Each structure stands twice: as structure tokens, then as C-alpha cells.
Amino acid sequence: MKNAKNTYEHYDNDDVDFQVRNKIILFVTGNFHKFEEVRSILNPMGIAVGMLRMKEKEIQSDHTSEIAENSAKEAYNRCHLPLIVEDAGLFIDALEGFPGPYSAYAYKTIKNKGILKLMENTQNRKATFHATIAYYNQKTGPQLFEDKIEGEITLTERKNNNTGFGFDPIFQPTQSEKTFAEMTLQEKNSLSHRAKAANKFAQWYNKQTI
Ligand code: ITT
């Protein structure tokens with residue numbers, strides 16, 4: 001009993017809070033695919049990550065970095081735990097960067113078929129996926145990690161069963177013969193915008209003494 005009491009005395013609320021805080025990062029997202037992709041990068045690098053569905057209203061901006069930074073601050077102000085958010089977008093050259101920051105809306109409304117329709121007579125199929133991961137905790141404030149992957153919009157949707165999400169069936173990275181939706185999670189993670197940003201984040205995080 002004495003030991004138990006000592007234990008409680010030792011780990012007062014602040015200590016417990018501190019210890020838990022430094023073991024788990026929350027990924028604030030409503031998208032389970034994104035969570036799975038990021039978790040499969042971070043876990044092997046010793047970073048445990050939990051998914052928190054707490055959708056904030058996103059600001060409008062042309063840059064995924066501004067959206068991610070703002071969302072991270074807003075989410076931190078609500079839950080006061082170390083967290084990441086990620087904002088991604090598909091920027092299509094021939095459509096002047098559309099859907100870019102409007103990717104979620106475009107996917108919900110016109111979907112892949114609508115994008116292919118817009119590109120019907122277009123020779124220039126170049127497109128880039130951008131991702132920004134924003135980390136936030138009280139000590140570091142916002143920290144941003146960005147990357148991108150170039151490729152092209154395919155002529156038709158191509159996918160394997162149960163792999164990929166969103167624009168994956170119409171995006172083929174330059175280095176590959178497959179669309180993202182024809183790849184395994186590991187294959188997508190070896191190339192993707194999100195995986196590269198997650199790697200940058202993990203390398204930075206593992207050097208911190210927070
Ligand atoms: P959050 O809750 O994390 O915001 P979301 O699905 O709204 O989830 P984003 O705003 O980052 O995510 O991305 C906008 C859309 O872009 C997303 O819904 C997908 O349709 C598409 N997208 C993003 N990353 C993608 C990827 O790796 N592969 C295919 N489509 C992707």
C-alpha cells in the first residue's frame with residue numbers, strides 16, 4: 001500500500017499527463033485511409049498514433065500548408081494533446097491546378113469520372129499530389145512537413161479491389177506503370193506525397209526531447 005501511495009504521489013496529474021503525451025500522437029482526420037497510410041510509416045519508426053475524428057472547419061487557401069497549419073492549431077486548442085493533421089490535394093496542370101485545395105469537394109461532387117470528363121480532349125495529363133503534415137504541441141508550436149509526387153492523370157480509372165481511395169484510380173506516378181489504386185499500401189508508401197511527408201515528420205520527431 002505504501003508503494004502504491006508513493007506511486008500516486010510521484011505521478012501526480014501533471015506527470016501522468018506528461019508521460020502519456022510523449023508516447024502517443026493523435027492524427028486528427030476523418031479519413032481512415034490517410035490514417036492507415038501514415039500509421040504504417042510512423043509505427044515502424046517508433047511513433048504510436050491514434051486516430052481522432054474531430055473535423056474542424058477548414059480555411060480556404062491555395063496552399064495545403066496554410067490549411068494544415070490552421071487545422072492543427074484549431075485542433076490543439078480543443079484537445080491540448082500533441083497531434084498531427086494532414087492536408088493533401090491533387091493539382092492538375094491542364095486545369096490550372098484544380099482541384100488542388102478543393103480536392104475533397106471535387107471528389108465528393110464530380111468524382112473521378114468528372115475529372116476524366118474535364119480532361120477528355122486534353123493531351124497534357126501532368127498532375128501533382130501535395131501533402132503537408134502539421135504537428136502541434138505546446139512547446140514546439142506548429143511544425144510543417146511537406147512533400148509531393150508528380151505523375152499523370154490516366155485515361156480511364158484503374159484499380160485493384162479494395163486498394164486506394166479518392167483519386168488513386170486516376171493517378172499514375174511518373175516512376176510507375178501502376179496507378180496508386182493498383183498498388184499495395186507498401187508500394188504506394190514507397191512513392192507517395194503523404195508517405196514522404198510522414199517520413200520527414202518522423203525523422204524530426206525522433207530527434208526531439210519533448
Ligand atoms: P481530413 O479529414 O484529414 O481532412 P480528407 O479526406 O478531407 O480528410 P484532404 O482534405 O487531405 O482529406 O484531401 C482531400 C481529398 O483529396 C480527399 O478526400 C481525397 O479524395 C483526395 N486525396 C488526398 N490524398 C489522396 C491520396 O493519397 N490518394 C487519392 N486521393 C487523395
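Predicted model, so just to flag it, every value in this text is computed and none were measured. Every heavy atom of this structure was used, including side-chain atoms; hydrogens, water molecules and symmetry mates were not. Counting convention: from 1, in listed order, for ligands and their atoms alike.
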Presence of salt bridge, [Y] and [X], under 4.0 angstrom:
X: K200; Y: E146; value: no
X: K73; Y: E69; value: yes
X: E37; Y: K34; value: no

* Please work out which of the three classes, parallel, tilted or perpendicular, describes the rings of F145 and F201, given edges at 30° and 60°. => perpendicular
* To do: Mind telling me whether F180 and F171 have parallel, tilted or perpendicular rings, with 30° and 60° as the class edges?
  => tilted
Just let me know how [X] lines up against ligand 1, side chain, backbone, both or neither, with a heavy-atom cut-off below 4.0 Å.
X: F180; value: neither
X: Y107; value: side chain
X: H33; value: neither
X: K108; value: neither

* Can you find an N or O of S103 that's nearer than 3.5 Å to an N or O of ligand 1? -> no
* Asked: Do any N/O atoms on G89 end up under 3.5 angstrom from N/O atoms on ligand 1?
  -> no
Sub-4.0 Å atoms of ligand 1 with respect to non-hydrogen atoms of [X]:
X: T29; result: 1 (P), 2 (O), 3 (O), 8 (O)
X: K188; result: 26 (C), 27 (O), 28 (N)
X: N31; result: 6 (O), 8 (O)
X: A88; result: 9 (P), 11 (O), 13 (O), 14 (C), 23 (C), 24 (N)

* Asked: Is there side-chain contact between V38 and T29, with at least one heavy-atom pair below 4.5 Å?
  -> no
Regarding [atom]: of the candidates [options], which has the closest heavy atom?
atom: atom 10 (O) of ligand 1; options: D87, V38, I170; result: D87
atom: atom 11 (O) of ligand 1; options: E37, E86, K34; result: K34
atom: atom 22 (N) of ligand 1; options: Y105, F35, F171, F165; result: F165

* Going by the salt bridge (charged side-chain N to carboxylate O under 4.0 Å, His left out) test, name the single residue among R158, R194, K188, K178 that passes it with D168. => K188
* To do: Go through D87 and S71 one step at a time and tell me if the side chain to side chain donor-acceptor pair (under 3.5 Å) criterion holds.
  => CA-CA 9 Å; D87 195 71; S71 302; 6.0 Å; no
* Asked: Which distance, rounded to the nearest 0.5 Å, do you find between the OG1 of T64 and the CD1 of I133?
  ->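 It is 10.5 Å, given to the nearest 0.5 Å.
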